[in-house]
Amino acid sequence: MSVLFVLIGFSLVLAVGFLAAFIISVKSGQYDDEYTPSVRILFDDKPTKSSSPKAKS
Amino acid sequence: MLVGVIVAFQFFIPELNFIEQATFGRLRPLHTNAVIFAFVGNGIFMGVYYSLQRLTKARMWNDTLSAIHFWGWQLIIVAAAVTLVFGITTGKEYAELEWPIDIAITLVWVVFGINIFGTILTRRERHLYVAIWFYIATWITVAMLHIVNSMAIPVNLFKSYSLYAGVQDALVQWWYGHNAVAFFLTTPYLGLMYYFLPKAANRPIYSYRLSIIHFWALIFLYIWAGPHHLLYTALPDWAQSLGTVFSIMLIAPSWGGMINGLLTLRGAWDKVRDDVVLKFYVVAVTAYGMATFEGPLLSIKSVNAISHYTDWTIAHVHVGALGWNGFLTFGILFWLIPRLFQTELYSRKLANIHFWLGTLGILFYVVPMYWAGFAQWSMLRQFTPEGILKYPNFIETVNAIMPMYYLRAFGGTLYLVGACVGVWNLIKTTQQGKFLANEDAEAPALTKNYETHSSEHWHRWIERRPIQLLVLAFIAVGIGGVIEFVPTFLIQSNIPTIASVTPYTPLELQGRDIYVREGCYVCHSQMIRPFRAEVARYGDYSKAGEFVYDHPFQWGSKRTGPDIAREGGKYPDSWHYNHMDDPRTMSPGSIMPPYSFMLENDLNTGTTEAKIRAMQILGVPYPKGYDKIANADLEKQSKQIQASLKKDGIETSEKKEIIAMIAYLQRLGTDLKPDAAVTK
C-alpha cells in the first residue's frame, strides 16, 4: 500500500499548489471585483471591417 | 482571431453511441476512449480555443502550436482506434493506450499547455474569468494523472506492464480514473458552461462569487475521491473511508456549479422555450446535477454495494456522458457554428428534433439500466429459506434483465440518430454560410494597467507570476516526488504478504496477457467482496496479498459475467476449451462472445524472455537468469494441459493460445485454495 504515499504526496502537492494559486490570486486582486467580469464577457469586440490589425502572436 | 481549428469536430460526434456485443472486450475500450478522448477531448479544445481568445482578448499565443496540437490529437485518436481493436492495450480502464501513444499524448498535452499559458501570459485583459481558472486546473491535473497512472515498463513496442501491482495498481488506476472524470469530463466543461451559457442567454452568470468559491472547493476535494471506486475491495478500509468522505463533501461544490448555471436563466426561461441552444444547456446542467448528486450517493458503502459491478454504474456514467458532456457540446456547436460561418442555423426544427431524440435517448438508455442494475443485484443476493443461493447460475440474472438491454440499445440508437440529425444540420449550416477563420480583434494592445512598464520588465513578470509559480512549483516538486517515492515503494511492494502466493509461470503469464488483450476485465471481475452472497457464489473473499504479482491488476468494474477470482479448478480444462470455442455449448444462454480464434492462433512464445525480464525489473522474484529457461517451463506446462485435454477426447497442438489461456484461468485464486478448504 506504499503507493498511497505517492498518491497522497502528489495529491497534496496539487492541493497545496491550488491553495497557493488561490491565495496569490486573491492577493493580486483577481477577485476584488465580483460583478464586472461576469458582465464583461457578454460584450465581444465587434470585428472591424477596415482595419486588419495584425494579430499578435 | 484564430478559430481555424474548430470545424473538423463534427467528424467525431458519431462516435458517441452504444456498442455492439461482438468482441465486446475490444470494442468497449474503444468506445470509452472515443467518447472521452475523441468526443469530449475535441469538445474541450474547441471551446477553449474559441473562448480563451475572447476572454483574454488575445490571439492564441502560437498558431503553429495550435496546428500541432490539433493534428497531433487527431493522430492519437486514429492510433487509439487502430491499436485497441487489435488488442494492443494496457488493460487499465480509460488508460488502455499503450506506452508510445501515452508519450504522444503527453507531448501533445504539453504543446496545448504551452499554447494556452502563452496566451494567458500575453493576455490583454488582466482579470482571469472563472472559465480560465477551470482550464488551468484541467491542464495541470490531467498532466499529472496521465503521467502517474501510465508509468509502465515496456516489453516491446506494443506491450508494457504497469509499474504498480495489485492493490497499488488499483488505487493508482482509480485515482486516475475518477479524476479523469473530474478533470477531463467535468472541470473543462464547467469552464465552457461559464462562458457559453451566459453568452447564449445574454445575461451574466447568476453569482460570480459562487463560481469562484465552487471552483476552488471542487478542485480541492475532487483529487481525493478516487478510492470510492474500490469500496468493499481488498483496499485498506481507511483509504476507502477517505474516498467516501471526500466524495460526499463533493456534493456542495458540484451543486454550486449546477445552481449557478440554472439560476443564470432566472427571468429568462421564456428564452429557453424558443432557443434550442438553451434547451440543450438546461438538460446538460440538469444532467450534471443529477450525476453529481448520484456520485456522492454511490460513494456511500451500502449504496455502492448495489451499484458496483452492476448496470447502475453504467446508467450513472451515461447521465454524465450523454447528458452533461453530450448536450453541452451540442448546445455549443449549435451556437458556435452559425457564428463562425456568419449565418443562421440551417433549421431550428431539425435542431429541436435532435434535442428531443437526444433527450428521449438518454431516458431510454438510463432508466432501464437503473432497473437492470437493481434487479440483478437483488437476484444475485437472494437466498432460499434453506440458506442456499436462489439463482445459483449467474446467467439467470443476465437473462432476467435482457429486456432492459434491448431498451438500452433503443435509447442509444435514438441518441445516435439525433446526433446524426444534428451533424447534418450543422453541415447544412456551414454550407450556407461563409467561414470566418480570423476575426479582426478590435482591441489591440491594451495599455497596461500599471503605470510603469517599459523600463520595469521584471515587474511584469512578477505580475504574471501566479501561473508560472504554479507550473514551476508543481513540476519541481513532482519530479522530486517521483525520484523519492518510486524506488521506495517498488522495493516495498514486492514483499509478498501471503507466503503461498507465487509468481505466474511463463505459460500463465502469457495466458494472462491474452486475458488482458481480449479485455476480459470489462465483463469479469477478479475481486470477491466480503458479502455472504458473493462468498457463497464465488468463493472466499479476495485478500490484498493475492495480487502482488498482478501487473496490471484485473479487478474489473462491471460484472456482465460472473466474477472469476477463484475460477481455478472449478471446471476441467476441457470445459474451458469448449467454453472458449463456443460459450453457449457449456453455458446455455450465455452472452459471452466466442473466442474460437484462440483455438487456431499459435501462442507467440518469442516474447516470453522479454516479459520475464520486464517482470524482474518490476521486482517479481523470478530466479536470476530465469528468462533464458522460461520457455522450457512453458512447453512443459503446455504439454501437461495438452495431455489433460486429450484425456477428455480433445486433440490439439500444445502451441495454441487456448493452452495458455486455460493455464491462466486454472491458476486464478488457487494460491489460497488450501486455506479455504481448512476453514470449510
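Within every chain, numbering begins at 1; the chains are lettered A, B, ... in the order of the sequence lines, protein sequences first and strands thereafter. Side chains are part of it too, since the values below use all heavy atoms of this structure and drop only hydrogens, waters and symmetry mates.
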Study note, to complete from the structure: Most contact-rich option vs chain A, by heavy-atom pairs under 4.5 angstrom, among B:Leu55, B:Thr141, B:Val130, is B:Thr141
**Study point:** Spatial distance of atom OH (A:Tyr31) from atom OG (B:Ser211) [nearest 0.5 Å]
**Key:** 8.0 Å
Point to revise | B:Ile212 portion near chain A, given a 4.5 angstrom heavy-atom threshold | key: side chain
Review point. What is the distance from atom CD of A:Glu34 to atom CD1 of B:Ile213, rounded to the nearest 0.5 Å?
Key: 7.5 Å
Check your understanding: Checking heavy atoms, do the side chain of A:Leu19, its backbone, both or neither come under 4.5 Å from chain B?
Key -> both
Check your understanding: Below 4.5 Å, heavy atoms only, C-beta onward: do B:Trp224 and A:Leu12 meet side chain to side chain?
Key -> yes
Point to revise | Heavy-atom check, side chain of B:His127 versus side chain of A:Asp33, under 4.5 Å | key: no
Check your understanding: With only heavy atoms counted, which part of B:Ile223 is less than 4.5 Å from chain A, the side chain, the backbone, both or neither?
Key -> both
**Study point:** Atom group of B:Tyr195 that falls short of 4.5 Å from chain A, counting heavy atoms
**Key:** both
Exercise for review: Under 4.5 Å heavy-atom distance to chain A, tell me which part of B:Ala131 shows up: side chain, backbone, both or neither.
Suggested key: neither
Point to revise | Minimum side-chain heavy-atom gap B:Trp133-A:Ser25 below 4.5 Å | key: yes
Practice item. Drop me the distance from A:Ser38's OG to B:Tyr194's OH, to the nearest 0.5 angstrom. Key: 11.0 Å
Review point. Between B:Trp216 and A:Phe18, what is the ring plane arrangement, given parallel below 30°, perpendicular above 60°, and tilted in between?
Key: perpendicular
Review point. Taking all atoms of both residues into account, what is the closest heavy-atom pair of A:Ala15 and B:Phe220, and its distance?
Key: O-CE2, 3.1 Å
Check your understanding: Which of the residues B:Asp169, B:Asn202, B:Leu221 is involved in the greatest number of heavy-atom pairs with chain A at under 4.5 angstrom?
Key -> B:Asn202
**Study point:** Closest non-hydrogen atom pair, B:Tyr208 against A:Pro37
**Key:** CZ-CB, 3.8 Å
**Study point:** Atom of B:Pro204, atom of A:Leu42 and distance for their closest heavy-atom approach
**Key:** N-CD1, 3.4 Å
Review point. Which atoms of B:Val172 come close to chain A, meaning under 4.5 Å heavy atom to heavy atom: side chain ones, backbone ones, both, or neither?
Key: both
Study note, to complete from the structure: Between B:Trp175 and A:Ser11 the two heavy atoms that sit nearest each other are NE1-OG, 3.0 Å
